[in-house]
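Have a look at the structure below, then the notes.
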Amino acid sequence: KIKKTKAGIPDRIDELTRSKPDTVNIESLNKKALAKKEEISKVDGQIENVALSHTVGFEVYSKKAGELNTLKVKLAQIERDANNTEVQDSNLQSERSIKTSELNGIKAEVSTLESNETLVKGQKIQYEKRIEELESENVLARNKWGIINKNSLDIDPNNTACPACKRQYEEDKIEEIKSSLLVNFNEDKSKKLAATKAKGEANNMEIESYKNKISDREVKLIDFKVQR
């Protein structure tokens, strides 16, 4: 949309440039005005001479006066043409300046849009990369959880024997030791499984957050395209 407007303004500026009056025409008009002024001055002088002369008749005086009026009318027209040309030139220059200013403004706006678009694209790529990292972490976490869950208690015979004589304890004592070891093992296992599960859930929440951000960036990219 902005590019379409931007594309049309240079054509309008060129049109204004082509329609701009040639400075030679203004100079030509000024030269004509000067020439007419000289003719008027000459005829005016002739009229004065006629008025001062008692030998020249009224017809000659009237003729010169008529020539003077004709010259003055032509001079006035030339001066109006010159003024109109200068005003037109000034108006065209003003309009051209306005269009140029508009074009510069649109260029700045397009530049800002392009910068924002580049920024949003970069953010989208970063979010996608982070999602890949989190999903990889989740794969490792699931594998870790499976390994921990499969673990079982393997009691070392030395744990159920007397440290001094190395003889196995009585059956009741052995069962007590095994029960205590099993409780500790299960508690530690539960903690590890819970921590691994919590890590995966936290990653999933983060993944959803980044997916929402990506959707938001995709909407912005569409908006940028519409604006351009």
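Just so it is clear, the values below take in all heavy atoms, side chains as well, and ignore hydrogens, waters and symmetry mates.
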Atom [atom1] of [X] and atom [atom2] of [Y]: how far apart are they, to the nearest 0.5 Å?
| X | Y | atom1 | atom2 | answer |
| --- | --- | --- | --- | --- |
| Ser215 | Lys124 | OG | NZ | 9.5 Å |
| Glu133 | Glu206 | CD | CD | 9.5 Å |
| Ile155 | Ile174 | CD1 | CD1 | 9.5 Å |
| Glu137 | Lys144 | CD | NZ | 11.5 Å |
| Ile214 | Arg130 | CD1 | CZ | 12.5 Å |
| Glu201 | Met205 | CD | CE | 9.0 Å |

Hphob cluster co-occupancy, Leu153 + Tyr169, side-chain heavy atoms under 4.5 angstrom: yes
Ile125 with Tyr210, same ILVMFWY side-chain cluster at under 4.5 Å: no
Using residues 186-198 as the side-chain source, report each donor-acceptor pair under 3.5 Å to any protein atom, sequence neighbours left out, with the distance given to one decimal.
unit_1 : atom_1 : unit_2 : atom_2 : d
Asn186 : ND2    : Leu182 : O      : 3.4
Asp188 : OD2    : Lys192 : NZ     : 3.3
Lys189 : NZ     : Asn149 : O      : 2.8
Lys189 : NZ     : Asn151 : O      : 2.9
Ser190 : OG     : Asn186 : O      : 2.9
Thr196 : OG1    : Lys192 : O      : 2.8

Minimal non-hydrogen separation, Phe185 against Ser152, with atom names: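 In this case the closest contact between Phe185 and Ser152 is CZ-C, 3.5 Å.
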Closest heavy-atom pair and its distance - Gln168, Ala161: NE2-CB, 3.5 Å
Salt bridge present between Glu132 and Lys129 (N-O < 4.0 angstrom):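 Answer for the salt bridge query: no.
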Identified side-chain hydrogen bond (donor to acceptor under 3.5 Å, both in side chains) partner of Tyr127 from the options Arg217, Lys211, Lys213: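 Passing option: Arg217.
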Verdict with supporting geometry, Leu119 and Ser115, side chain to side chain contact (heavy atoms under 4.5 Å, CB included): CA-CA 6 Å; Leu119 176 63; Ser115 297; over 6 Å; no
Residue Asp154 excluded, over 12 heavy atoms near CG under 6.0 Å: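 At most 12 heavy atoms, drawn from other residues, nucleotides or ligands, come within 6.0 Å of this atom.
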Residues which pass side-chain contact (heavy atoms from CB on, under 4.5 Å) with Arg142, listed by chain and number, not counting sequence neighbours: Asn138, Val139
